[in-house]
Amino acid sequence: MTSTVSSEVSDKDFADILAATRQFIRTQVVPRELEIMATDKVPDDIRDQARHLGLFGYAIPQQWGGLGLDLTQDVELAMEFGYTSLALRSMFGTNNGIAGQVLVGFGTDEQKARWLAGIASGEVVASFALTEPGAGSNPAGLRAKAVRDGGQWVISGQKRFITNAPTANLFVVFARTRPADADGAGIAVFLVPADAPGVVVGSKDAKMGQEGAWTADVSFDEVRVGDDALVGGSVDIGYRAAMTSLARGRIHIAAVAVGAAQRALDESVAYAATATQGGTPIGSFQLVQAMLADQQTGVMAGRALVREAARLWVSGEDRRVAPSTAKLYCTEMVGKVADLAVQIHGGSGYMREVAVERIYREVRLLRLYEGTSEIQRLIIGGALVKAAQAM
C-alpha cells in the first residue's frame, strides 16, 4: 500500500523559491566562503537572509508557518545548499530535517502548536540528540535513560556530535525507558528546552572540515520534564521516529552531496580550461579530460538517483532501501569527485584558500553522519534478502 503526500507548493511557486535560493547562495554565500572558513561562523547577515527566504522552515507544513515543500522539492534546494559551504545548510538543516520532522510526523497537536512556528521562523533552533559515545548509526544501542518519577520524566545520559548544540533552543532527545522487548525497542523521544536545569552543552568540537557548522557534546543530568514533553504521548515512538526521520534525511544528504560534487566539477572544468602546462591548457590533455568525464558521470548519476529516491519517498513506494541507496552512492561519489578535483588542480588544490581543498575536507563527513556507508550497505542488502525470502 502506498500513501501519496502532495506538496503544498505549486511547480510555478517552487520555481521562484528555487531561483531565489540559488541567487542567494551564488551571490551572497559563495563569495564569503573564505570568511566562513576563517571565522568558523556563518555571518549574522547571511543567517538573517536565510530566515527571510524561509529556509529555516522550508520543509515545515504551511499551517505551522513553513513553506510546506515536499521531499521532491526539498532535494532540489539541497543540491543548491551543497554548492557552497556546508555550514549554511547545517544552520537550518535540523530544523527542516531530522529534528523538525520528528515533530511534524509524530508530535501531538499541542506539541506542534508549541514549537513548530518558532522552528519554521528560525526563532527556535532545534537539535537532534540521538548519537551517543556508544551508539551512532544504530540507535538500538542507546544508553541514555528516562525514568518515571512523581509524574515527571527524569532524563540522564550523554550525547555526542550534536549539530547546532551550542546555539540550540530545543533538544529532541532520544532516551531508553526500558530494555527492548517484544512490545518494542523501549526508546522514547522527548522535547527538552536547552535552558532546562541539568542540560549541559560541552565546548564546540574542532573538526576536520565544515567550519561554521557547530557540533558539541550534550549531557543530561537528571533533567526533569513533564508528560507534555513526551513526543506523541507514547514511550514507544522513539525508535520509529528516529528511523523514519533518518531515512528521509538520508535522501536530503544525498542531494547535498550531489550539489557539492557539482561545485567540485565546475571548479575543475574552470581550472582545466584556463590553467596551462607548457603553454597548453591542461584541459587539452586526455587524462585530464578523463577525470572530468568521471566527475560528470558521477554527478549526473547521483542527481537522477536522488530525484528517483525522493519520488519513491513521497509516493510511499520505498522509504527504506531507496534512501539508503541514494545516500550510499552519492556520498561515496562526492568523495571521489572531490578527490579528482584536487588532482586536476595539482598543487594548487592542496592550498587552504582554494575551493576544492575545502570541499575535499567537508564532504568526508557525509559518509559518516545520518548512518555510515557501512550501515547503508547492511540496510540495502538485508532488505533485498528479506524481500526475496518473503516471496
Side-chain angles (χ1 to χ4, degrees), residues 33-44 46-47 50 81-82 84-100 124-139 141-144 155-175 192-196 198-221 223 242 245-246 249-250 252-253 256-257 260 327 331 334-335 338 352 357-375:
E33 289 168 347
L34 292 179
E35 178 186 347
I36 292 169
M37 187 172 74
T39 60
D40 190 22
K41 185 179 187 295
V42 177
D44 289 341
I46 288 180
R47 178 188 178 88
F81 302 151
T84 190
S85 168
L86 297 190
L88 176 77
R89 184 213 70 89
S90 184
M91 184 172 64
F92 47 72
T94 49
N95 274 30
N96 289 286
I98 49 179
V124 173
V125 173
S127 277
F128 186 80
L130 175 65
T131 301
E132 298 180 2
S137 296
N138 183 7
L142 210 68
R143 296 179 65 181
I155 302 170
S156 298
Q158 302 287 324
K159 299 294 180 177
R160 176 164 288 179
F161 311 138
I162 305 305
T163 299
N164 290 332
T167 58
N169 306 104
L170 175 69
F171 289 104
V172 179
V173 184
F174 293 81
V192 181
D195 59 0
V199 176
V200 178
V201 178
S203 57
K204 190 172 58 177
D205 295 325
K207 307 189 297 296
M208 177 192 293
Q210 298 205 14
E211 294 92 350
W214 295 352
T215 64
D217 288 3
V218 185
S219 63
F220 297 87
D221 183 13
V223 177
S245 187
L246 284 170
R250 283 164 184 160
H252 173 86
I253 293 298
V256 171
K327 183 177 188 294
T331 59
V334 73
R352 181 49 61 102
E357 185 274 343
R358 173 187 56 78
I359 295 167
Y360 182 86
R361 289 182 294 107
E362 288 200 329
V363 301
R364 186 60 185 86
L365 183 58
L366 301 182
R367 285 180 266 169
L368 300 175
Y369 66 5
E370 296 194 32
T372 62
S373 291
E374 289 71 31
I375 285 292

- [ ] Test side chain to side chain contact (heavy atoms under 4.5 Å, CB included) on D40 and K204 and set out the steps.
- [x] CA-CA 11 Å; D40 190 22; K204 190 172 58 177; 3.2 Å; yes
Please evaluate residues I46 and L88 with respect to the criterion side chain to side chain contact (heavy atoms under 4.5 Å, CB included), reporting the C-alpha separation (whole Å), side-chain torsions for both, the decisive distance (0.1 Å), and the verdict. CA-CA 9 Å; I46 288 180; L88 176 77; 3.9 Å; yes
**OP:** Taking T94 for its side chain and A126 for its backbone only, find out whether a donor-acceptor pair lies under 3.5 Å.
**Re:** yes
When every non-hydrogen atom of G335 is compared with those of R367, the smallest separation belongs to CA-NH2, 4.1 Å
Margin query: Using modelled atom types and a 3.5 Å cut-off, is there a donor and acceptor pairing between side-chain atoms of Q210 and backbone atoms of A87?
Written below: no
* To do: Evaluate the criterion side chain to side chain contact (heavy atoms under 4.5 Å, CB included) for residue pair R89 and I253; output intermediate values, then yes/no.
  => CA-CA 10 Å; R89 184 213 70 89; I253 293 298; 4.0 Å; yes
What one should report as the nearest heavy-atom pair of S127 and I162 is CB-CG2, 3.9 Å
Salt-bridge contact R250-E370 (side-chain N to carboxylate O under 4.0 Å): no
_Which label fits F81 and F92: parallel for a plane angle under 30°, tilted from 30 to 60°, or perpendicular past 60°?_
perpendicular
Output for pair (E211 CD, E35 CD), nearest 0.5 Å, gives 13.5 Å
Any sub-3.5 Å donor-acceptor pair from S90's side-chain atoms to L86's backbone N or O?
no
- Checking N169 side chain against V125 main chain: does a donor-acceptor pair fall under 3.5 Å? yes
Rounded to the nearest 0.5 angstrom, the CZ-CE distance for R361 and M208 is 9.0 Å
Practice item. Compare all side-chain heavy atoms of S85 with those of M37 and state whether any distance is below 4.5 angstrom. Key: no
Of all heavy-atom pairs linking P193 and V199, the shortest is O-CG2, 4.0 Å
A216 and G202 have their tightest heavy-atom pair at CB-O, 3.7 Å
Original post:
Does K327 use its side chain to pair, donor to acceptor, with the backbone of L366 at less than 3.5 Å?
Top reply: yes
Distance col, row F174:CZ vs L142:CG, nearest 0.5 angstrom, shows 9.0 Å
dist R352:CZ -> L34:CG (nearest 0.5 Å) comes out at 11.0 Å
Stepwise side chain to side chain contact (heavy atoms under 4.5 Å, CB included) check, V201 with F171: CA-CA 11 Å; V201 178; F171 289 104; 3.9 Å; yes
Do K207 side-chain atoms and L365 backbone N/O form a donor-acceptor pair below 3.5 Å? no
Notebook entry, point to check: Does the side chain of L130 reach to within under 4.5 Å of the side chain of L246, using non-hydrogen atoms?
Noted result: yes
Would E132 and K159 pass as an ion pair if we require N to O under 4.0 Å? yes
In short, V363 meets A338 closest at the heavy-atom pair CG2-CB, 4.0 Å
Checking T131, T163, N164, D205 against T215 for side chain to side chain donor-acceptor pair (under 3.5 Å), the one that qualifies is D205
Nearest heavy-atom contact between A260 and I359 is O-CG2, 4.2 Å
